[in-house]
Amino acid sequence: DIGLPDKRETWPPLYEPERNRKLHKTIRSILDTRVLRNAEVSILAVTYPEGRLVYAIQPDKLMNPASVSKVFTAVGALELLGSKTRITTSLYRQGEDLYIKGNGATDLALADLKQLANEAAQSGIVSARRLVFDASLFDKDALPPHFDEKPEISGYRSSTGALASNLARFIMRISPSASIGGTVLATLEPESDYFMIDNLATTIETDENSIEVGIDSTEDRAVITISGEMPASAKERVLSVRIPHPDIFTARTLLDELVLAGIEVAEEKPIPGTVPANAELVASLKSSRIRGQVASMLRYSINFIAEQLLKLMGPECTPRTWQCSLKSLKKFCRRIALDNTEFQLENGSGLYDANRFSTRQIVRFLIESMNRRDTARRLKKGFAVAGKRGTLKGRLERLKGRLFGKTGTLNKVIAISGFVERNHRRGKREPRLYFSIMFNKASGRLRSRKSRAVQDKIIKALVQAAGY
C-alpha cells in the first residue's frame, strides 16, 4: 500500500519483484526485443485513490519525455493564466496611423485579420499613412529554447510572437511542370507579400527526386529557395514550413487585407512600434478560452501553442522572456507536486533535448493535477483517448474510451503517460490506474511504430494485473 501522494516523502516505494513475479516476468519478456536494444526504460504504474503500486522499473531515472512535457505546460497554463481567460488582439487608430497590437493569442487566424480589416473599413476609415505593429509583450527571442539544435524548416519547429498567426507556419505545395525541363510549380498557402520565392528547381524525365527547400530571412521578409530536380511523374509534395518572423508576417498579411477592404495605406511596409496611450480603438477580437487552446495543444501535440502559452506565464517580466516564464512554470510545478525533487524543464513543448523527468514525477504530477477539479476536467477533455481521438485514436482499441493520455515521440524517445479508468464508477471518486512509460536511446533511432507496439503490450499487461 503506497498511501496517498505525499510531496514530503518518496512514493511509491521502489518495485520489488517478489510483489508480483508473474507481471514482472511478463513485462521483462515484452521488453526483450531488438527494438529496444541499448535503450533505457522507465515504467511506473499505480492505482489511485486506492494507493497501490502495480509495477515500476527505474521510476526515479531522469529521462527525456518528449511531448509528454506538454502536460506540465497545460496544467501551468490552466492555473497560472486561468482556464476561462481570452486573449485580445486589437486594431487602433491615432491620427493617420493604424496600429495592430498582439497579446500572445495562440489561435489568431487569417480570417481574423480579414475581420479586423473589414471592421476598420466599416468604421469609416478609407486611408492611412502606415500600419504599425505592436508585438512588445514578448521579447525579440522568438525561437524557443533548444529549437536551435536542429536547423529544420518544418512547421512543428515554429517561432513564437505576441502577434503570431496561422500557428506560425505556412503550407507549400510543389509539383512538376507540364513539360520536361520546365520550372517546378510552387504555391504557398496563404499567399503573402511577406514571402519571396527563388525557384531554381526543374522537371526531369527520370525518377530521381532531389528537390530541396530552404528558408532564410531578411530584416522583414522570408526568402524561400527551391532547388534540385523533380520527376515529371512525381506526386505533389506538400510541406508545412515555419515562418521566421511571425509578427511581421501577421502585420504584412493584415496590410494586404486592409487594402482589399478598400483602405488605402500609403506606406507599403508595416513598421514595429507601440500603441500610443491615447489611441482610439477601431476593432478587436478575442481568442478562444485558454482551456480550448490547451485542449488543442494536448490532443494534436502542437508545439507552437505549447511555447506560446509558456511565454505568457511570466507576467512579472516586461517584456515576457523565456527565462522568466520558465521560472514561473517550474515554481508552479514544484508547488503542486515536485518540491524537493530534481527535474529539467527548458521548453514547453518537449522538442529536442530540452527536458528531463522521471516516471515517478510524471505520475505524481498527473495525480495531483487530476485532484484539482477544474483542471482535471480540462485535462480529460484535452487528452488523446485510446481508439477515439488524437494521437491515440488508432491505438489500444480494447481500452477504447477508458485510456486518456499524452504521447511523445522524437528520434531517440518514445513516451506515453496517462491513466485508465474502470468500466464503472465506484463511489464519488473515479478510481484510476496512472502510468508513465519512457524509452530513451543514447545513440541511433527508436523505431516509433514498433516501440509504440511494445508500450501498448505493457499497458495491457498493467491494466490486467491491476484489475482494470
Side-chain angles (χ1 to χ4, degrees), residues 35-36 39-45 57-59 61-77 144-147 149-150 152 154 156-158 294-307 309-310 329 333 338 343-366 369 379 382-386 389-396 403-420 434-442 444-456 458-459:
V35 175
L36 298 180
E40 290 280 1
V41 175
S42 179
I43 302 172
L44 179 63
I57 291 179
Q58 298 194 109
K61 185 173 182 61
L62 294 178
M63 295 175 67
N64 188 340
S67 282
V68 172
S69 301
K70 291 183 176 73
V71 173
F72 299 92
T73 306
V75 178
H146 291 268
F147 274 42
E149 290 178 0
K150 292 186 180 180
E152 297 173 309
S154 299
Y156 65 76
R157 183 180 168 264
S158 53
V294 164
S296 296
M297 175 194 71
L298 287 174
R299 196 170 301 172
Y300 305 108
S301 205
I302 302 174
N303 295 330
F304 166 75
I305 298 180
E307 302 301 350
L309 289 174
L310 169 62
L329 180 55
C333 291
L338 303 184
F343 61 91
Q344 178 177 311
L345 178 58
E346 296 184 359
N347 69 28
S349 63
L351 193 60
Y352 303 132
D353 195 25
N355 303 330
R356 294 290 186 277
F357 290 93
S358 69
T359 50
R360 188 191 302 273
Q361 290 169 333
I362 293 171
V363 167
R364 177 188 291 176
F365 191 84
L366 278 171
S369 299
L379 281 180
F383 278 145
V385 183
R389 72 182 183 213
T391 56
L392 291 173
K393 186 175 182 178
R395 294 175 62 178
L396 295 157
L403 187 150
F404 298 77
K406 182 72 194 76
T407 60
T409 303
L410 293 170
N411 287 343
K412 299 176 182 179
V413 180
I414 302 293
I416 181 172
S417 298
F419 57 84
V420 178
Y434 288 86
F435 67 89
S436 181
I437 305 172
M438 289 192 283
F439 300 159
N440 279 196
K441 210 167 188 178
R445 295 173 63 101
L446 276 168
R447 300 172 70 177
S448 57
R449 185 178 62 83
K450 291 188 176 182
S451 296
R452 292 187 192 112
V454 172
Q455 289 183 342
D456 290 355
I458 292 172
I459 292 170

Chemist: Do the non-hydrogen side-chain atoms of I43 and T359 ever get within less than 4.5 Å of each other?
Modeler: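 Not touching, per the 4.5 Å side-chain cut-off.
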Chemist: Can you check whether I414 reaches S448 side chain to side chain, under 4.5 Å on heavy atoms?
Modeler: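 They are in side-chain contact.
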Chemist: So, for A415 and P65, which heavy atoms are closest and what is the spacing to 0.1 Å?
Modeler: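 That closest heavy-atom pairing would be CB-O, 3.6 Å.
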Chemist: Between S42 and Q58, is any side-chain donor less than 3.5 angstrom from a side-chain acceptor?
Modeler: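 Note: S42 and Q58 side chains miss the donor-acceptor criterion.
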Chemist: Compare every heavy atom of N347 with every heavy atom of L310, then report the nearest pair and how far apart it is.
Modeler: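 Here L310 and N347 meet closest at CD2-C, 4.0 Å.
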Chemist: Nearest 0.5 Å please: distance from the CD atom of Q361 over to the OG atom of S417.
Modeler: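 Output value for this atom pair is 11.5 Å.
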Chemist: Are T409 and R452 close enough that some pair of their side-chain heavy atoms sits under 4.5 Å apart?
Modeler: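 Answer yes - side chains close enough.
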Chemist: If we ignore angles and hydrogens, is there a donor and acceptor under 3.5 Å between the side chains of T407 and T391?
Modeler: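 Per modelled atom types, T407 and T391 side chains form a pair under 3.5 Å.
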Chemist: Is there a side-chain contact between L36 and L446 in this structure, where contact means two heavy atoms from C-beta onward sitting under 4.5 Å apart?
Modeler: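 Yes, at least one pair of side-chain atoms sits under 4.5 Å.
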Chemist: Using a 3.5 Å distance criterion without hydrogens, assess whether the side chain of R356 forms a donor-acceptor pair with backbone atoms of K61.
Modeler: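 Judged by distance alone, no pair lies under 3.5 Å.
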Chemist: Look at the aromatic rings of Y434 and F419 and report parallel, tilted or perpendicular, splitting at 30° and 60°.
Modeler: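 Geometry flag for F419 against Y434: tilted rings.
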Chemist: Is it the case that atom CZ in R447 sees more than 12 heavy atoms from other parts of the structure closer than 6.0 Å?
Modeler: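 For R447, atom CZ is not crowded (no more than 12 foreign heavy atoms under 6.0 Å).
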Chemist: Got a donor-acceptor contact below 3.5 angstrom from the K412 side chain to the R445 backbone?
Modeler: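 Such a contact is absent between K412 side chain and R445 backbone.
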Chemist: Shortest non-hydrogen contact from F147 to E307?
Modeler: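 Scanning both residues completely, I find the closest heavy atoms to be CE1-OE2, 3.7 Å.
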Chemist: Sequence neighbours excluded, which residues qualify as ring-ring contact (aromatic ring centres under 6.0 Å, His included) partners of F435?
Modeler: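 For F435, no residue satisfies ring-ring contact (aromatic ring centres under 6.0 Å, His included) once neighbours in sequence are set aside.
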Chemist: When you compare the side chain of L62 with that of Q344, does any pair of heavy atoms fall below 4.5 Å?
Modeler: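 Result no, sub-4.5 Å side-chain heavy-atom pair not found.
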Chemist: Please name the pair of heavy atoms, one in L329 and one in G76, separated by the smallest distance, quoted to 0.1 Å.
Modeler: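 Distance-wise, the nearest heavy atoms are CD1-CA, 3.9 Å.
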Chemist: Would you say that E346 contacts N355 through its side chain, given a criterion of any heavy-atom pair below 4.5 Å between the two side chains?
Modeler: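 Heavy-atom side-chain distance check passes, below 4.5 Å.
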Chemist: Could you go through the side-chain hydrogen bond (donor to acceptor under 3.5 Å, both in side chains) check for S69 and K406 one step at a time?
Modeler: CA-CA 9 Å; S69 301; K406 182 72 194 76; over 6 Å; no
Chemist: How many angstroms lie between atom CG of N64 and atom CE of M438, to the nearest 0.5 angstrom?
Modeler: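 Reported value, rounded in 0.5 Å steps: 8.5 Å.
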Chemist: Between D353 and E149, which heavy-atom pair has the shortest distance, and what is it?
Modeler: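 In this case the closest contact between D353 and E149 is N-OE1, 3.1 Å.
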Chemist: Ring centroid separation for F357 and F72, is it under 6.0 angstrom?
Modeler: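 Aromatic pair counts; centres sit under 6.0 Å.
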Chemist: Is any side-chain heavy atom of K70 less than 4.5 Å from a side-chain heavy atom of S349?
Modeler: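 K70 vs S349: side chains touch.
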Chemist: Atom CG of L403 and atom CD1 of I459: how far apart are they, to the nearest 0.5 Å?
Modeler: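 Spacing of CG (L403) from CD1 (I459) equals 5.5 Å.
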Chemist: Looking only at atom types and distance, does a side-chain atom of R364 sit under 3.5 Å from a main-chain N or O of L338, one as donor and one as acceptor?
Modeler: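 Judged by distance alone, no pair lies under 3.5 Å.
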Chemist: On a heavy-atom basis, which atom in S158 and which in F304 lie closest, and how many Å separate them?
Modeler: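 Answer, listing the atom of S158 first, then F304: OG-CB, 3.1 Å.
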Chemist: Taking side chain to side chain contact (heavy atoms under 4.5 Å, CB included) as the test, write out the residues that go with Y156, two or more places apart.
Modeler: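 By the side chain to side chain contact (heavy atoms under 4.5 Å, CB included) rule, Y156 matches E152, S154, N303, L351, Y352.
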Chemist: To the nearest 0.5 angstrom, please state how far the CD1 atom of I416 sits from the OG atom of S451.
Modeler: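 Atom-to-atom, I416:CD1 and S451:OG are 12.5 Å apart.
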Chemist: Are V71 and L366 side-chain neighbours, meaning at least one heavy-atom pair lies under 4.5 Å?
Modeler: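 Result yes, sub-4.5 Å side-chain heavy-atom pair found.
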